[in-house]
Structure formats: C-alpha cells, structure tokens
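For reference, the structure is listed below as structure tokens.
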Number of protein chains: 2
Amino acid sequence: MDSFELQSPPAFDPAFCARLDELFAWRRDVRRFRDAPLDDAPVDELIALACRAPSVGNCQPWRFVKVKSPAARAAVRASFAACNRQALDAYEGAQAQLYASLKLSGLDRAPVQLAVFAEPDPVAGHGLGRATMPETVVHSVVLAIHTFWLAARARGIGVGWVSILEPENVTQALGVPPAWRLVAYLCVGWPEEEHLDPELVRHGWQARADFGRFVSEV
Amino acid sequence: MDSFELQSPPAFDPAFCARLDELFAWRRDVRRFRDAPLDDAPVDELIALACRAPSVGNCQPWRFVKVKSPAARAAVRASFAACNRQALDAYEGAQAQLYASLKLSGLDRAPVQLAVFAEPDPVAGHGLGRATMPETVVHSVVLAIHTFWLAARARGIGVGWVSILEPENVTQALGVPPAWRLVAYLCVGWPEEEHLDPELVRHGWQARADFGRFVSEV
C-alpha cells in the first residue's frame with residue numbers, strides 16, 4: 001500500500017465511474033463455487049485492502065480468521081444446517097417449498113472461508129465517535145467486509161456472506177476471544193456463473209424496488 | 001440502471017483494479033467542505049447506486065432522508081454540539097486538548113445532508129437470512145452507505161459520516177417513524193482538500209496498524 005504514499009490525489013474519470021457502477025451492479029452474493037483452489041496471497045491482498053476501510057475513531061476493529069481446519073469447517077456447516085432447518089420450519093406452503101429450493105450458502109465448496117469478527121471495545125480509537133452510537137464499531141467491520149467483497153469481484157473472485165448461523169456456536173468453535181462478535185462468515189472462491197440479478201430476485205423470493213421508494217425529504 | 005440489463009458479465013482488468021485500490025486508499029471521511037452547492041440530481045444518482053448494495057434476503061431496508069429544512073439541520077447541529085461536549089468531558093489532559101482541536105463534522109458547511117435509517121423489520125425479504133443474526137438488516141444499510149460513499153468519492157464528492165449524535169433526538173427531530181434506526185448522518189459536498197491519510201492519523205489521534213495484526217488462522 002505504501003506505493004500510494006507520495007502520489008497526488010487521483011482524479012477518477014467518467015469511464016472509471018461507469019466501470020465502478022458496473023462493479024456495484026454485478027457484485028453478487030455467490031453461493032456456487034467452482035472446484036478450484038484459491039491461494040493465500042490474493043486473499044491477503046484483499047484483507048489488506050479491506051483494512052483501508054473507514055472505521056470509527058480509526059479504531060480498526062476488524063478481525064479476520066481464516067477457517068482452514070476440517071473440524072472448524074464442519075462445525076460451521078453444522079450450525080448452518082441447524083439454523084437453516086429452523087428457518088425452513090418458520091415458513092409454510094409454497095413459501096416453504098421455495099425456501100427449501102434456494103441455495104443459501106457455498107459452505108460445501110468454497111475453497112476459502114473467512115470468519116470476520118469485531119473487537120467490540122478496542123483500545124484503538126480511544127472511544128472517539130462511539131460514545132452515543134457504539135454500534136459504529138461493528139459497522140466499521142461491515143465496511144471492511146464490503147471493501148473486501150468489491151475488490152474480490154473486480155478480480156473475478158466471488159464472495160458469499162453467510163448469516164444463517166448461530167454466532168455463539170461459531171465463536172466457540174473457532175476458539176476466538178469470547179468477547180469478539182461474529183459479523184460475517186464469508187465463502188470465497190471462483191464463481192461458477194456470473195449474474196446481474198440477485199439469486200433471490202431470479203428465483204422469485206424478493207423483487208427489487210425502485211430507489212425512489214426509499215427517499216424522503218424534510 | 002436498466003442499461004446494464006442486457007450486458008454480459010464485465011471483466012475488470014488490472015488497470016481498473018489498481019484504480020479501485022486507489023479509490024479505497026483516497027476515500028476519506030470529509031469534514032471540510034467548500035462553500036459550493038450540490039444539486040439533487042447527482043445525489044439521487046448516488047442513492048440509486050447505493051440501493052444496488054447487497055441486503056439480507058434482499059430486504060432493502062435503507063431509508064434515505066434528505067435533510068433540507070433549517071430547523072431540522074439546527075436540531076442535528078444541537079445534538080452534535082451536546083454529544084461532542086460530553087465526549088470531550090470524558091478525556092483528560094493532553095488527550096482532551098487534542099480532542100478539542102479536532103474537527104469532527106462538516107455540519108457547519110456541508111451543502112447536502114442525509115440521514116440514513118434502517119427499517120428494522122421490513123416485510124421485504126420475508127425474514128430470510130436474519131433469524132439468528134437480525135443485525136444483518138442494519139448491516140445492509142451500512143453496505144448501502146459505503147456504496148454511496150465510494151461512488152461519491154469517484155465523482156469528486158466528499159462524504160463525512162457523523163456519529164457523535166443522540167440517535168433518538170435525530171429520529172424525533174426529523175419526524176420519521178419512531179421504529180426506524182438511525183445508522184448514519186452523512187455530510188455531503190465538495191471537499192476543501194484531499195488527503196491520503198485519515199484526519200485522525202494526521203493529527204496524531206490514532207495510527208494505522210499493519211493488516212497482518214488483524215489476521216489469524218484456525
């Protein structure tokens with residue numbers, strides 16, 4: 001990253017902005033991975049970029065755990081299976097059928113798996129900016145995850161964010177400090193296919209609304 | 001956005017990735033804005049892009065409120081002033097002096113101000129993916145904010161995320177549904193200056209650590 005240090009501010013031209021917009025549009029939550037390995041080096045590059053994300057008070061609360069051991073992966077898969085079964089039980093009829101047909105994680109084949117935690121009360125940052133909104137610490141970790149995700153997609157690497165998990169089970173299974181808060185479990189690898197529309201739109205679970213619906217003025 | 005619909009998946013080349021990395025590196029939390037207006041049109045374009053962010057179950061829980069009325073802006077500034085005074089009181093000696101010298105928001109001059117809320121229990125998404133981790137709804141809004149931020153910076157527009165606020169005061173002052181959760185208050189406009197290093201690094205509040213400190217393996 002130090003190659004940036006002496007540069008003057010970049011000006012991003014309209015062509016770059018158009019490509020960036022395409023990146024936002026084509027970034028997908030990937031659940032179908034090719035059976036191909038992904039080295040540590042590109043993953044470390046992505047983590048280094050993720051650590052460029054903004055954080056409240058510059059407290060850098062992100063903690064990345066590469067989940068490699070078969071035992072740890074099995075524990076995560078078991079948590080997903082239990083939570084997914086419970087979730088299915090909460091639906092009925094056609095919606096239950098549709099839910100059961102969705103592929104909601106790539107835990108089966110993703111070559112790289114990362115658990116991303118927040119250190120909820122980091123010394124770094126000295127509390128700045130989080131006295132009245134302490135949730136900004138966890139939000140900083142979300143910003144890092146999103147940075148990782150976009151940078152990965154630009155390199156052709158797919159990322160899937162799995163949230164159908166019992167956070168405490170995962171925290172325990174990975175043996176991290178019990179105070180750490182699980183923010184995301186990421187499946188990372190080479191996607192089998194690329195899509196512009198989200199899987200949940202394509203399979204009729206939830207359509208996208210026009211952005212105007214989400215804007216008001218005061 | 002519909003211009004994307006018929007395209008085939010883009011391949012992003014190394015030159016784009018390098019520019020994207022520069023964007024991550026130069027995106028700053030901006031607190032010093034030029035005294036120049038910013039139209040609604042580019043802001044709406046940025047909000048539309050933000051709504052391309054991933055959301056749990058595709059529930060699209062983001063709610064953007066353009067804060068334009070002088071009364072609403074005054075209420076937000078008052079909340080910031082009170083919270084910032086309280087925060088200062090919690091520091092002592094040299095740290096208190098340093099804190100007092102920091103400029104922590106652009107509320108005084110940002111031409112555009114946006115309060116970004118989460119609808120905490122949206123009908124959309126039908127609960128998918130958030131049974132065991134309901135905080136993913138708010139996290140989805142954070143992803144939209146980050147998308148807005150990056151797209152803005154690429155266009156030369158600065159964004160500052162203000163969190164030194166009492167969320168309930170802001171929610172009340174803006175007259176939004178009381179169940180909505182304030183995620184961020186954004187100051188948006190043309191930055192006075194561009195920096196590679198975060199303001200809190202430059203002024204000696206909190207240095208950045210090497211990414212390797214944040215990675216482990218299991």
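Letters A, B, ... mirror the listed sequences (proteins, then strands); counts begin at 1. Keep in mind that this is a model prediction, so the values were computed, not measured.
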Greater than 12 external heavy atoms within 6.0 Å of B:Arg181's CZ | no
What is the minimum heavy-atom distance between B:His126 and A:Tyr91, and which atoms define it?
-> O-OH, 2.6 Å
For chain A, find which of B:Leu143, B:Val67, B:Val138, B:Asn84 contributes the most heavy-atom pairs closer than 4.5 angstrom.
-> B:Leu143
Toward chain A, the part of B:Ala53 with a non-hydrogen atom under 4.5 Å = backbone
Most heavy-atom pairs under 4.5 Å with chain A, out of B:Val183, B:Asp44, B:Val201, belong to B:Asp44
Chain B contacts, top residue of A:Leu102, A:Val142, A:Val56 (heavy-atom pairs, under 4.5 Å) = A:Val142
Which atoms of B:Leu20 approach chain A - backbone, side chain, both or neither, heavy atom under 4.5 Å = both
Report the option among B:Trp205, B:Phe24, B:Trp149 that has the most heavy-atom pairs separated by less than 4.5 Å from atoms of chain A.
-> B:Trp205
If you draw a 6.0 Å radius around CD in B:Glu92, do more than 12 non-hydrogen atoms from other residues or ligands fall strictly inside?
-> no
Which portion of A:Ala154 sits near chain B, non-hydrogen atoms under 4.5 angstrom | both
Against chain A, label B:Leu182 side chain, backbone, both or neither, depending on which of its atoms sit under 4.5 Å from a heavy atom there.
-> both
Counting heavy-atom pairs under 4.5 Å with chain B, the top scorer among A:Pro54, A:Pro198, A:Cys83, A:Ala207 is A:Pro54
Output, in order, the C-alpha distance, side-chain angles, deciding distance and verdict of side chain to side chain contact (heavy atoms under 4.5 Å, CB included) for B:Gln206 and A:Gln60.
-> CA-CA 10 Å; B:Gln206 177 62 57; A:Gln60 305 156 76; 4.1 Å; yes
Is a side-chain N or O of B:Tyr185 found less than 3.5 angstrom from the main chain of B:Val76, in a donor-acceptor match?
-> no
Among B:Arg130, B:His195, B:Gln95, single out the residue with the greatest number of heavy-atom pairs under 4.5 Å to chain A.
-> B:Gln95
Side chain, backbone, both or neither of B:Thr136 within contact of chain A (heavy atoms, under 4.5 Å) | side chain
Walk me through it: do A:Leu128 and B:Leu104 pass the test side chain to side chain contact (heavy atoms under 4.5 Å, CB included)?
-> CA-CA 10 Å; A:Leu128 187 144; B:Leu104 295 172; 4.1 Å; yes
Chain B contact via A:Leu114 - side chain, backbone, both or neither, heavy atoms under 4.5 Å | neither
How about residues 209-218 of chain B versus chain A: which residues have heavy atoms under 4.5 Å apart?
-> B:Ala209, B:Phe211, B:Phe214, B:Val215, B:Ser216, B:Glu217, B:Val218
Answer yes or no: is there a donor N or O on one side and an acceptor on the other, between the side chain of A:Arg202 and the main chain of A:Asp197, under 3.5 Å?
-> yes
Can B:Leu107 and B:Gln113 be said to form a side chain to side chain contact (heavy atoms under 4.5 Å, CB included), step by step?
-> CA-CA 8 Å; B:Leu107 292 172; B:Gln113 300 185 19; 3.8 Å; yes
Just how far is it from atom CG of B:Leu150 to atom CZ of B:Arg27, taken to the nearest 0.5 Å?
-> 7.0 Å
Is there a side-chain contact between B:Lys68 and B:Asp40 (heavy atoms, below 4.5 Å)?
-> yes
Interface check, chain B: of A:Asp29, A:Thr147, A:Leu200, most non-hydrogen pairs under 4.5 Å belong to A:Thr147
Heavy-atom pair of closest approach, residues A:Ala115 and A:Leu174 = CB-CD1, 3.4 Å
So, for A:Ser55 and A:Cys59, which heavy atoms are closest and what is the spacing to 0.1 Å?
-> OG-N, 3.1 Å
Which region of B:Glu135, side chain (C-beta onward) or backbone (N, CA, C, O), has a non-hydrogen atom less than 4.5 Å from a non-hydrogen atom of chain A, or is it both or neither?
-> side chain
Given a strict heavy-atom distance threshold of 4.5 Å, which part of B:Val116 is in contact with chain A: side chain, backbone, both, or neither?
-> neither
Give the member of B:Gly156, B:Cys51, B:Gly125, B:Ala151 that has the highest number of heavy-atom pairs under 4.5 Å with chain A.
-> B:Gly125
Which atoms of A:Ala50 come close to chain B, meaning under 4.5 Å heavy atom to heavy atom: side chain ones, backbone ones, both, or neither?
-> neither
Side chain, backbone, both or neither of B:Ala11 within contact of chain A (heavy atoms, under 4.5 Å) = backbone
Can you list, pair by pair, the side-chain donor-acceptor contacts under 3.5 Å of residues 159-172 of chain A, counting residues two or more places apart and other chains?
{"unit_1": "A:Ser163", "atom_1": "OG", "unit_2": "B:Gly129", "atom_2": "O", "d": "2.6"}
{"unit_1": "A:Thr171", "atom_1": "OG1", "unit_2": "A:Pro167", "atom_2": "O", "d": "2.8"}

B:Ile157 to B:Pro42 - nearest heavy-atom pair and separation = CD1-CB, 4.4 Å
Run the salt-bridge test on B:Arg19 and A:Asp13 with the 4.0 Å N-O cut-off and return the result as yes or no.
-> no
Considering only heavy atoms, which portion of A:Ile145 lies under 4.5 Å from any heavy atom of chain B: side chain, backbone, both, or neither?
-> neither
A:Asn58 portion near chain B, given a 4.5 angstrom heavy-atom threshold = both
Return the option, out of B:Arg153, B:His146, B:Glu199, B:Glu194, with the maximum number of heavy-atom pairs under 4.5 Å with chain A.
-> B:His146
Worked check of side chain to side chain contact (heavy atoms under 4.5 Å, CB included) between A:Ile47 and A:Phe148 | CA-CA 6 Å; A:Ile47 295 176; A:Phe148 182 101; 3.9 Å; yes
Closest heavy-atom pair and its distance - B:Leu88, B:Ala96 | CD1-O, 3.3 Å
Chain B contact via A:Ala124 - side chain, backbone, both or neither, heavy atoms under 4.5 Å = both
The interface call for A:Phe117 against chain B, heavy-atom contacts under 4.5 Å, is neither
